[in-house]
Amino acid sequence: MENFKVEVDGDGILVATFDVPGRSMNTITAGVMKELPAIVERIKSDAAIKGAVLTSGKASGFCAGADLGEMDSRAAAQDTRSAEEKLQAAFDSSFAMNKMLRGMETCGKPIACALEGLALGGGLEIALACHYRVAADNPKSQFGLPESKVGLLPGAGGTQRLPRLIGVQNAAMMILQGEPKSPTEAKALGFVHEVVEPGDTLRAAKKWLKGSPNAVQPWDVKGYRVKDGPYSPGGGMAFVGGTAMLMKQTYGNYPAQKHILSCLYEGIQVPMDAALRIETRYFVKTLQTPQARAMIRSLFLSMQELSKGANRPQGVDKYEIRKVAVIGAGFMGAGVAYVQAMAGVETVLIDTTQEAAEKGKDYSKKLLDKRVSRGKMTQEKADAVLALIKPTTSYDDVKGADFVVEAVFENREIKAEVTKKAEAQLGPNAVFGSNTSTLPITGLAEASERPANFIGVHFFSPVDKMGLVELILGKQTTKETVAKAIDYVLKIKKTPIVVNDSRGFYTSRIVGTFIGEGLAMLSEGIAPAIIENVAKQAGMPVGPLSLNDEVALDLSCKIREQTKRDLGDKYRASPIDPIIEKMVVELKRHGRKNGKGFYDYPADRKKKLWPGIVDLVPTKIAECPPELKTELARRILYIQSLETARCFEEGILMEARDADIGSILGWGFAPYTGGTASLIDGVGVRKFVEQCDALADKYGDRFKPNALLREMAQTGETFYSRFGGEKAKKAA
Ligand code: NAD
């Protein structure tokens, strides 16, 4: 066998050690699916075998689940069979795992699972089909069913065994949210039987096997009743309350979520064999949704590629990042210092006064204190992390830095001054990165003596929570610099995308169109609550007015004035301008930062839409029938995808993958679509163009599709066929 080492000890205990060759982590591949049934058959039919233990040969853990790469191609497979034949084939292949695991748990011999490390997705589902689970008390271990995070549901018995072990309410929470549990939490919930010292799981599993164990699962014992069945108070909470809560949180955009509840509801009322067939039916149905396909590609495959440095130019040696100087210890700089220290990077934090620099370091102290108080870190470790940050005003401390992140005010002159001061101390190989949010990098690099080593490193706030870093290439940025910047971003455990230079780059530019469309709706007299709610129903994490409050209205005003100055006669005044101007200049409503914007921010209550908006713009539309909702939702999403298409045409974006991941990680663009580029592919380029033309007739030229989209509609290309693959790497 290739993926398992199978041995039988003197007590007749078969030990199957899961160890997929050439991988750091076990996943369930087609090869694994061929070998596991043979092991089960041997356990069942070999009279010399008294029981078995499944364990892993990997230090990383037991198994991380199905190989989603294989699953993606399965979902995408083109074939000529009839719809019914295809459905039957999909059912059969998806049911194979359920059939095999059911065979395992009813084979008549006791089987234990020894979990030294993590078991996720299909990995945990294998473990749940064993009769006994022993876990090592390893703080890095995680046990969970994260399928819903990529638009799927657990399809190897997870939706059936977990509720039967821990009750419907707990299982529903775990499966819908996809959050893993630690070994002790798993034991408290009841899906792990025993927690032992690391390295001791195999011994404990064998001990259980030798103690005349029961080889029958609880649900196969006559009289078994599931906890929180549908007709119990707990079940009422889970199903009635759960359905309502789900709609509130997802607005029905994620079919997997609804299918998970259906699996639980229907499955727990019937015996296990029927329950597993129900699960497989919902699994196949879910796998075939466009949402699952888009989410698997973006949130799993693309994320995995980017986190392995997929955009990194080849032929450049790995760049070790030991010391980084962060200049500007404000909101962003303080956050960058924290994530660096957490990644073990020696950090110099510079500001104009020692007090400001210390204040920046205090931000890390606060976050670390929180971790310690929540038991997520020891005080000793927190002290060690904090000690990595040196607050200072002296550029002498920049000496020896491998990388610089400039995060001073968004002001060209100040940025130029600190660039010169820092470069005077840097070695020839060091990279200078600017965290500007809008200023073109090529222009900023003019202040640099070494523009080849200059790059945009755009973080998102709050830095400790946001996973994206947008790397922006200036005209003279070299491929060595890109590679080093990617090494830096990966070192601090963020996901890098690579884009070309322009005002607002990719992310800020698209966010601008989202906010702009919300304001356009406001100027049309659409009630603010409708705008905000429709945006959320379309899948955006917050409404455009709320987001404008977050990024600050006075900033919007400043950007508008700057654009007016830059464009001169070409500037086209918009009906939004007087609204924003009045909000900022006359009413001093600057957004969340001064406690008043489109929302009011009372200290003791949740924020609320400011009632005075209607005096600024009288409400003409206060009802939102379904057709209007569809049109508003379309406007909100399409305006962002249209601008993304323009970024491709202008060469700012090079890869569909970067557009999608940038949009989901950067500003939470409707994840079920797969991202701004996937949205267009999902709708179909031709249909998207037609729908945008219709919007343009009604709402103006901003909805006019660009030449690229029209060409793609003609040729039948998609963003992934035209901009998939290795474009960014080549361009760098
Ligand atoms: P901030 O005002 O909170 O911090 C700026 C810091 O720079 C201040 O502590 C200031 O004292 C310091 N500073 C000013 N001049 C300096 C100098 N000559 N030498 C050293 N330090 C100096 O601003 P911020 O929100 O942290 O933004 C910083 C940069 O990050 C800006 O370019 C901004 O556009 C960009 N950015 C901001 C966000 C955001 O959400 N706030 C997001 C991405 C990028």
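Start at 1 and go down the list; that is how both ligands and their atoms are numbered.
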Could you pull out every donor-acceptor pair under 3.5 Å between side chains of residues 381-391 and any protein atom, sequence neighbours left out?
unit_1, atom_1, unit_2, atom_2, d
Asp383, OD1, Gln379, NE2, 3.0
Lys390, NZ, Asp397, OD1, 2.8

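Aromatic ring pairs are classed by plane angle as parallel below 30°, tilted from 30° to 60° and perpendicular above 60°; the pair Tyr599 and Tyr601 is tilted.
A search for side chain to side chain contact (heavy atoms under 4.5 Å, CB included) contacts involving Tyr699 returns Glu524, Glu631, Arg635, Leu695, Arg702, Phe703, not counting sequence neighbours. Shown here are the salt bridge (Lys or Arg N to Asp or Glu O under 4.0 Å) partners of Asp701, two or more places apart in sequence or in another chain: Lys704.
If you take CG on Asp660 and CZ on Phe719, they are separated by 10.0 Å, rounding to the nearest 0.5 Å.
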Between ligand 1 and the protein, which N/O pairs are shorter than 3.5 Å?
unit_1, atom_1, unit_2, atom_2, d
ligand 1, 3 (O), Phe331, N, 2.9
ligand 1, 9 (O), Gly330, N, 3.3
ligand 1, 9 (O), Asp351, OD2, 2.7
ligand 1, 11 (O), Asp351, OD1, 2.6
ligand 1, 11 (O), Asp351, OD2, 3.3
ligand 1, 26 (O), Phe331, N, 3.3
ligand 1, 26 (O), Met332, N, 2.8
ligand 1, 30 (O), Asn435, O, 3.2
ligand 1, 30 (O), Asn435, ND2, 3.1
ligand 1, 32 (O), Val408, O, 3.3
ligand 1, 32 (O), Glu410, OE1, 2.5
ligand 1, 32 (O), Lys415, NZ, 2.7
ligand 1, 34 (O), Glu410, OE1, 2.7
ligand 1, 34 (O), Ser437, OG, 2.6
ligand 1, 40 (O), Ser461, OG, 3.3

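With no hydrogens or angles considered, a side-chain donor-acceptor pair links Tyr363 and Asp464 at under 3.5 Å.
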